[in-house]
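Below: the structure, in structure tokens.
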Amino acid sequence: MRSLCLLVLLLVLLDCGLCQFPRPCATSEGLRTKECCPVWEGDGSACGALSGRGFCTEVEVSDEPYGPQYPHRGIDDRERWPTTFFNRTCRCAGNYGGFNCGECRFGYRGGNCAEYRESVRRNILTLSTAEQQKFISYLNLAKNTVNRDYVISTGTRAEMGADGENPMFSDINSYDLFVWMHYYVSRDAFLGGPGNVWRDIDFAHESAAFLPWHRVFLLHWENEIRKLTGDFNFTIPYWDWRNAQSCEVCTDALMGARNALNPNLISPASVFSSWKVICTQPEEYNSREALCNATGEGPLLRNPGNHDTNRVQRLPSAADVDFVVNLSQYETGAMDRFSNMSFRNVLEGFASPTTGLAVPGQSTMHNALHVFMNGTMSSVQGSANDPVFLLHHAFIDSIYERWLRTHQPPRSNYPRANAPIGHNEGYYMVPFMPLYRNGEYFITNKNLGYEYAYLLDPGQRFVQEVLTPYLEQAQQIWQWLLGAGLFGAVLAVLIVSVFIAARRKMKHGQRKKRASSFGERQPLLQSSSEEGSYQTHL
């Protein structure tokens, strides 16, 4: 019976797909034909073509030159993404989205994807206890559920054979999928032979795509949690760390406190203490010229505040954030980690938030939080293992949003050419499928269906941060409140009944005394008077 259940589960898992890499495309046939245009079950056609949702078409990659930081050509699978694997994919029409155009673009819902809905990301510290617990339970569910839509590559395209005769893909849970994606986009390039790698390459950090790439990363993660849980109102909370003196979210009620016996570990009272990390040993992978295969590599490490203070002297302040937002240029110079007065470079943390000048050897802003955590989160390739990563990057995204609203830059302000490889405006983001160009997410989140609570006007902010948590808390305990109210009403009726009975008994005794003292007529008059007084009392 157990074998039958496992077989059924396997068949279900093989039936669908979405992104890096879509299950229907992770086959010898998909690799041989280089086509990833899966059927939409709604009408049985590739890309939902019969319903006008999309069509299968050639991938057109940008040929704009990239910078000198990566001098090689044709040796890395991520170059000219995704053409090493696929050169035909679905292109969706209108508000349709997904690998087979069976879903909706970010911000749209409904069968025809015609309903625009804006969700609000809120500060995790202002969420109700029930909401905080729900968020943690969602994280743990994702960590323990094999993803139905995604698989990962455990080998390079060359290792899979010229005709894809040796496909190397593997299942992975929904949380670790995104850890692996963050590893894959930032890993070193293999040049051939053990340990022979090119380190100065990263398709999501140290240049212009840093902010758009992580914006799409969070949107995909949010969408995946919604599908997994059925909670389509879910949003990623953020941690507003401005002026923080410590890791305010590092408590057992939230992301896990420090272990009393080993300060590098998570408290056993937190569910995160049992998590195993993946993709945290880049030097080992390089020595074997192998990709991370998502095997567990030990516990989650975190020791906030016990970091190298020469590199990070303090956490960012509100003044630092204001300075960054007021910088007018998105990119400058070589558009890398040595750029001066670049909004992206200062926010990412390679330049000073007081002067705007690059500060080699120091980490500020975004980078400062990673170093401050002093553990798994402090290494780029494995940093997404720590769930604090999500809270941190949601707040970084909100600062990006503030800058976009302040300066309202046209898309032409995003670098079209000569940025480091993977960062030009027309480059498709690695390793996402469906495909997204960097420049497409150089736009306000108002176009993507979400908002940040602290960026709302005061009235809306009160509703989101005060009234909404109160009402949601009341919703959680409404049955208890109703029961308590009914019990109180019954108790009040009983007390009043006892009181009335006692009063009547007392009045009846008084009548008897007066009748014996005054004869027949006077008690009748007195009785009438008492009745009136009693009614008035009621």
Side-chain angles (χ1 to χ4, degrees), residues 123-125 182-183 186 199-200 202 204-207 210-211 214 238-251 254-259 262-266 272 277 280 282 300-327 336-400 402-403:
N123 190 333
I124 192 170
L125 298 178
H182 193 265
Y183 148 78
S186 59
R199 299 182 186 278
D200 194 9
D202 193 317
H205 302 86
E206 301 185 17
S207 192
F210 168 67
L211 293 166
H214 284 85
Y238 60 86
W239 171 31
D240 184 347
W241 35 247
R242 289 174 296 182
N243 301 321
Q245 301 299 312
S246 62
C247 180
E248 300 164 326
V249 298
C250 295
T251 66
L254 294 174
M255 300 295 103
R258 183 181 279 111
N259 188 311
N262 185 340
N264 293 314
L265 298 178
I266 307 297
F272 302 118
V277 299
T280 60
L300 179 63
L301 302 178
R302 189 195 304 144
N303 190 355
N306 293 320
H307 59 285
D308 181 0
T309 54
N310 290 323
R311 185 173 174 187
V312 174
Q313 298 178 358
R314 60 177 176 81
L315 292 179
S317 67
D320 293 336
V321 173
D322 291 341
F323 175 88
V324 173
V325 170
N326 286 327
L327 290 170
D336 57 15
R337 64 181 180 275
F338 303 109
S339 297
N340 296 319
M341 305 306 291
S342 154
F343 163 73
R344 188 276 314 160
N345 202 39
V346 179
L347 180 56
E348 190 170 358
F350 294 106
S352 168
T354 56
T355 66
L357 303 180
V359 283
Q362 294 187 29
S363 296
T364 67
M365 302 303 292
H366 156 266
N367 290 346
L369 263 291
H370 280 274
V371 174
F372 176 83
M373 288 301 161
N374 193 34
T376 304
M377 195 169 155
S378 303
S379 174
V380 175
Q381 295 182 23
S383 60
N385 278 288
D386 193 330
V388 174
F389 177 97
L390 297 168
L391 308 179
H392 173 44
H393 271 275
F395 193 63
I396 291 294
D397 184 70
S398 77
I399 300 173
Y400 176 39
R402 284 183 59 187
W403 185 85

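The first residue in the sequence is number 1, and the count goes up from there.
- For Asp240, the side chain to side chain contact (heavy atoms under 4.5 Å, CB included) partners are Asn123, Tyr238, Arg242, Phe395, not counting sequence neighbours.
- Between Leu254 and Leu125, the closest side-chain pair of non-hydrogen atoms falls below 4.5 Å.
- Taking the side chain as every heavy atom from C-beta outward, Arg337 and Asp200 approach each other to under 4.5 Å.
- Within the 4.5 Å cutoff, no side-chain heavy atoms of His366 are placed close to those of Ile399.
- Under the ring pair (Phe, Tyr, Trp, His ring centres under 6.0 Å) criterion, Phe272 pairs with Trp275, not counting sequence neighbours.
- With contacts defined as side-chain heavy-atom distances shorter than 4.5 Å, the pair His214/Ile396 does not qualify.
- No side-chain heavy atom of Asp397 sits less than 4.5 Å from a side-chain heavy atom of Leu211.
- Residues Asn345 and Ser339 share a closest heavy-atom pair of ND2-O, 2.8 Å.
- Nearest heavy-atom pair, Val371 versus Ser363, reported as atom, atom and distance to 0.1 Å: CG2-OG, 3.8 Å.
- Taking CD1 from Ile266 and CE from Met255, the interatomic distance works out to 10.0 Å, rounded to the nearest 0.5 Å.
- Atom CZ of Arg311 sits about 10.5 Å away from atom OG1 of Thr364, to the nearest 0.5 Å.
- A donor-acceptor pair under 3.5 Å is formed between the side chain of Gln245 and the backbone N or O of Asn243.
- Scanning all heavy atoms of the two residues, the minimum distance from Cys247 to Trp239 falls at CA-CH2, 3.9 Å.
- When side chains are defined from C-beta on, Met373 does not count as touching His392, because their heavy atoms never get closer than 4.5 Å.
- Residues satisfying the ring pair (Phe, Tyr, Trp, His ring centres under 6.0 Å) test with His307, not counting sequence neighbours, are Phe372.
- The two residues Pro316 and Leu369 make their nearest non-hydrogen contact at CD-CD2, 3.5 Å.
- Scanning both residues, Met365 and Leu347, for their nearest heavy atoms gives CB-O, 3.2 Å.
- No side-chain heavy atom of Val324 sits less than 4.5 Å from a side-chain heavy atom of Trp403.
- A distance of 14.0 Å separates NE2 in His393 from OH in Tyr400, rounded to the nearest 0.5 Å.
- Side-chain N or O atoms of Glu348 include one that pairs as donor or acceptor with a backbone N or O of Glu206 at under 3.5 Å.
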Side chain to side chain contact (heavy atoms under 4.5 Å, CB included) between Val312 and His370, worked out: CA-CA 10 Å; Val312 174; His370 280 274; over 6 Å; no

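- When every heavy atom of Val346 is checked against every heavy atom of Ala351, the shortest pair comes out as CG2-CB, 3.6 Å.
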For residues 353-361, which side-chain N or O atoms pair as donor and acceptor with protein atoms under 3.5 Å away, sequence neighbours left out?
{"from": "Thr354", "atom 1": "OG1", "to": "Ser352", "atom 2": "OG", "distance (Å)": "2.8"}
{"from": "Thr355", "atom 1": "OG1", "to": "Ser352", "atom 2": "OG", "distance (Å)": "3.4"}
{"from": "Thr355", "atom 1": "OG1", "to": "Leu357", "atom 2": "N", "distance (Å)": "3.2"}

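- Using a 4.5 Å heavy-atom threshold, the side chains of Ser207 and Asp202 count as separate.
- Residues Arg314 and Asp320 are paired through a salt bridge, judged by an N-O separation under 4.0 Å between the basic side chain and the carboxylate.
- Checking side-chain atoms of Asn264 against main-chain N and O of Leu301 turns up no donor-acceptor pair under 3.5 Å.
- Note that CG of Asn326 and CZ of Arg402 are 8.0 Å apart. Values are rounded to the nearest 0.5 Å.
- Checked against salt bridge (Lys or Arg N to Asp or Glu O under 4.0 Å), Arg258 has no partners two or more places apart in sequence or in another chain.
- For residues 375-386, the side chain to side chain donor-acceptor pair (under 3.5 Å) pairs, not counting sequence neighbours, are Arg302-Asp386.
- For Phe389 and His182, the ring centers are positioned less than 6.0 Å apart.
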